[in-house]
Amino acid sequence: MKMSQLVERITTFSKSISKEVLKQFSHEKTHKIAVHHLADAILTNKQTVKKTEEWLGLIFNEYRLTVGLIDFKLETKGTNNEKIIKLTAVENGNDLFCYEAYEPIQSEQDQHAVPQYVFDYLTKA
């Protein structure tokens with residue numbers, strides 16, 4: 001067997017395994033959580049990475065947290081995170097949801113579904 005054939009077989013095998021794992025996660029139970037509760041959980045999690053920038057005297061914060069297959073990005077304004085500007089949840093490059101404060105039909109009270117394992121991890125005492 002040639003090396004290129006071996007690499008192709010390994011690649012095909014790993015892709016099929018990945019699809020099966022993703023399929024299992026897609027059938028997992030979900031739990032709804034409000035945007036403001038999710039933001040609080042991201043802010044207080046020890047694994048969250050924070051980046052702060054100042055523009056024209058205003059403080060903007062970006063928080064990133066990965067839980068399992070879900071990548072969260074939280075953007076806030078103010079030294080003490082007085083305003084949630086944007087909160088996104090992405091799974092394998094696909095948006096699960098996106099809250100944007102400037103959208104009049106969205107609210108920090110809106111509930112969004114996250115996988116149960118994510119909810120459990122973020123809300124554990």
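FYI, side chains are in, hydrogens and waters are out, and symmetry mates aren't considered; it's all heavy atoms of this structure.
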Tyr63 and Asn81: side-chain donor and acceptor closer than 3.5 Å? yes

Aromatic ring pairing His112/Phe97, orientation class (parallel under 30°, perpendicular over 60°, tilted between): parallel

What residue pairs, at least two apart or across chains, pass salt bridge (charged side-chain N to carboxylate O under 4.0 Å, His left out) with a residue in residues 98-110? Lys86-Glu100

If the threshold is 4.0 Å, N to carboxylate O, is there a salt bridge linking Lys77 and Glu82? no

Rounded to the nearest 0.5 Å, how far does CG of Leu65 lie from CZ of Phe72? 7.0 Å

Working to the nearest 0.5 Å, report the span between NZ of Lys73 and CG of Asp71. 11.0 Å

[Y] and [X], any side-chain heavy atoms less than 4.5 Å apart:
| X | Y | answer |
| --- | --- | --- |
| Thr88 | Asp95 | no |
| Ile70 | Pro115 | yes |
| Asn61 | Glu75 | no |

If I compare all heavy atoms of Ser107 with all of Val35, which pair ends up nearest, and what's the gap? O-CG2, 4.1 Å

For Leu122 against Ala41, the heavy-atom pair lying closest together: O-CB, 3.7 Å

Among all residues two or more places apart in sequence or in another chain, which pass the side-chain contact (heavy atoms from CB on, under 4.5 Å) test with Thr79? Ile59

Can you name the residues that form a side-chain contact (heavy atoms from CB on, under 4.5 Å) with Lys32, not counting sequence neighbours? Gln111, Ala113

same_hphob_cluster(Val90, Val118) at 4.5 Å side-chain heavy-atom cutoff: no

